[in-house]
Protein chains: 2
Amino acid sequence: MTKRGQGKPAGLSRERIAVAAVDLVDRQGLESFGVRRLASELGVDPMSIYNHIKGKAALLDAVSEAVLAEVSATAAQWPDDWMDIARTMARGYRDMAIRHPRIFPLLATRAQTSAVAFEALERLTTAMRRAGITDQAIADAPLVLFGFLNGYLLATLSTDPGEAGGPATGAAQPAFDPALYPTMAALAPLQAGFGGEPEFERMLATVLAGIAEGAARA
Amino acid sequence: MTKRGQGKPAGLSRERIAVAAVDLVDRQGLESFGVRRLASELGVDPMSIYNHIKGKAALLDAVSEAVLAEVSATAAQWPDDWMDIARTMARGYRDMAIRHPRIFPLLATRAQTSAVAFEALERLTTAMRRAGITDQAIADAPLVLFGFLNGYLLATLSTDPGEAGGPATGAAQPAFDPALYPTMAALAPLQAGFGGEPEFERMLATVLAGIAEGAARA
DNA sequence: CCCTACTACCTACACCGTAAGTATTACCTA
DNA sequence: TAGGTAATACTTACGGTGTAGGTAGTAGGG
């Protein structure tokens, strides 16, 4: 009575698995994610997944690659000016992070070596060269920009709201005791929009200003 | 023949557990870290740990709190100028990250709400206020600075070298195909010191310049 | 001296990632 | 059309995990 549909292709493929994995992590989070959960989601034996993806690490790689590809896909076209390119990239990257807050830590933690990542870097650096910026400043720029983006987005998205709250609208901060931390407490109102878009634009401008200043400084 | 030393205090304490956990993660990495491993390291039953720390999540909290405390502990004294303070903090933070590369992802991922973290923020913001900087720029500064630090250090330390290589001396990057990514390939020599101290100082200066520029801009 | 609180331990359960082996199908060749 | 081959999916099993629940022993206060 056993051995039912064995051997018959169940329509699995690396891409289909990746799509389902992205969806599963989006819904249930990284903690509970696993090969077995994903397999049951696909209506498939856990080990069948191993025919397409080597192990859990490779699975997570596929997940992060899939969401990273969204960034390039959503950008209709690219400006000429390097600052506009950087801004467009940063905004698209943030939008992706907001769409997939529970996946984003994967991106920030793992080194990105996919083609889409390389293409983005190439696009940015080429535009900076066109603008006649110092090579050293150009070489540093990606690490400064994406270092900031990764760290900032990690911080603002890390407060996992479960289900409540709109997307990226100020995950509540812990509130400072005025007796212990008077300055921080006084500043608290100005940090109300924590994680919001105006704040992001402000800080992005700050970092880009630093890069531009460094380009001039050299 | 069972029931040997049951009930007798084995000298466990939250702090002793945290110290052992830090040491264990430093040596074996986050992946393999677990309650059972830690318990055997301490020569103790796994469940005994639960008498002092609620669960694995709390255990990781204790680990990250312990290494974060090192930063304040190593700084002998603090300068007056806010930029010097920021630099000192950043360097101490980087030194800590280099000492504990496998623990650092924990810090960058989890929101820091410990007293040492708050004190550091209070110190920085108070100094900025003394300098007469706009409140909005002050309120933004910590997130920009530590956002960058977290993202940058994550990127430069993520290439886990296992055992080889000196500390933080250029984890080799993937090398770009000149045919596909000509600009990046041309820039590669300038990225040789990836993760090194001069690079860090350059990028830190870039970010601080951006913050200072934003302070003037407002 | 007993009683209480506390620490440490033991057992057990549900779950995990995955190595190794087996059965079934689809396709290509003759 | 028949036979062989490679690919795919499944099954079983092993050693690990976090931790809930219950038990045994000691330390210190009355």
Side-chain angles (χ1 to χ4, degrees), chain A residues 1-25 27-64 102-103 105-106 109-110 160, chain B residues 1-25 27-64 102-103 105-106 109-110 160:
Chain A
M1 67 292 274
T2 48
K3 323 304 163 61
R4 293 161 305 184
Q6 219 170 116
K8 173 176 16 175
L12 279 187
S13 70
R14 187 188 150 92
E15 181 168 348
R16 209 165 88 80
I17 293 172
V19 168
V22 167
D23 186 58
L24 186 62
V25 179
R27 281 184 292 123
Q28 320 224 126
L30 269 177
E31 301 292 292
S32 70
F33 175 78
V35 181
R36 294 172 123 107
R37 289 273 246 273
L38 177 59
S40 96
E41 195 82 3
L42 284 163
V44 150
D45 187 276
M47 292 312 287
S48 296
I49 291 178
Y50 280 76
N51 290 322
H52 301 269
I53 294 184
K54 206 183 49 189
K56 195 186 184 183
L59 193 50
L60 294 177
D61 281 338
V63 168
S64 66
R102 336 196 53 170
I103 296 180
L106 273 185
T109 306
R110 300 164 159 254
D160 197 316
Chain B
M1 67 291 275
T2 49
K3 325 304 167 63
R4 294 161 303 185
Q6 222 171 113
K8 174 177 14 178
L12 279 187
S13 71
R14 187 190 150 93
E15 181 169 348
R16 209 166 88 80
I17 292 173
V19 169
V22 167
D23 187 59
L24 186 62
V25 178
R27 282 184 290 123
Q28 319 227 122
L30 268 176
E31 301 291 293
S32 70
F33 176 79
V35 181
R36 294 172 123 106
R37 289 273 245 272
L38 177 61
S40 94
E41 194 82 2
L42 284 163
V44 150
D45 187 276
M47 293 312 287
S48 296
I49 292 178
Y50 280 77
N51 290 321
H52 301 268
I53 294 183
K54 203 183 49 188
K56 195 185 185 185
L59 193 49
L60 293 176
D61 281 339
V63 167
S64 66
R102 338 198 47 174
I103 296 180
L106 273 185
T109 306
R110 303 166 156 253
D160 198 314

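Keep in mind the model is a prediction, meaning the values are calculated, not measured.
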Problem set entry | Polar side-chain atom of A:T109 near backbone of A:L106 as donor-acceptor pair, under 3.5 Å |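 No, the answer is negative, given that no donor and acceptor are paired below the 3.5 Å cut-off.
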
Exercise. In Å, rounded to the nearest 0.5 Å, how long is the span from CD1 of A:I17 to CG of A:L24?
Worked result: 12.5 Å

Exercise. About how many Å separate OG of B:S13 and CD1 of B:I53, when rounded to the nearest 0.5 Å?
Worked result: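 Output value for this atom pair is 9.0 Å.
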
Without decimals, in angstroms, what is the distance between [X] [atom1] and [N] [atom2]?
X     : N      : atom1 : atom2 : answer
B:E31 : D:dT17 : CD    : C1'   : 14 Å
B:L59 : D:dT17 : CG    : P     : 14 Å
B:I49 : D:dA20 : CD1   : C1'   : 16 Å
B:Y50 : D:dG21 : OH    : P     : 13 Å
A:I53 : C:dG17 : CD1   : P     : 13 Å
B:D45 : C:dT7  : CG    : P     : 15 Å
A:K56 : C:dA19 : NZ    : C1'   : 18 Å
A:R14 : D:dT8  : CZ    : C1'   : 17 Å

Problem set entry | Pair of N/O donor and acceptor under 3.5 Å linking C:dA8 base with B:N51 side chain | yes

Exercise. Taking atom types as they are modelled, is there a donor-acceptor pair under 3.5 Å from the base of D:dG18 to the side chain of B:R36?
Worked result: yes

Problem set entry | Salt-bridge criterion met for A:E31 and B:K56 (N-O under 4.0 Å) |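 Here A:E31 does not pair with B:K56 in a salt bridge, since their nearest N and O are not under 4.0 Å apart.
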
Problem set entry | 4.5 Å side-chain heavy-atom contact, A:L60 and A:L30 | yes

For this session: State which of C:dT11, C:dT18, D:dG18 makes the closest approach to the side chain of A:M47.
Result: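 Selected nucleotide: C:dT18.
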
Exercise. A:L12 side chain: which of C:dT7, D:dT12, D:dA9 is closest?
Worked result: D:dA9

Exercise. Within the structure, does a side-chain N or O atom of A:S48 lie under 4.0 Å from either OP1 or OP2 of D:dT8?
Worked result: no

Problem set entry | Contact under 4.0 Å: A:H52 side-chain N or O vs D:dA7 OP1/OP2 | no

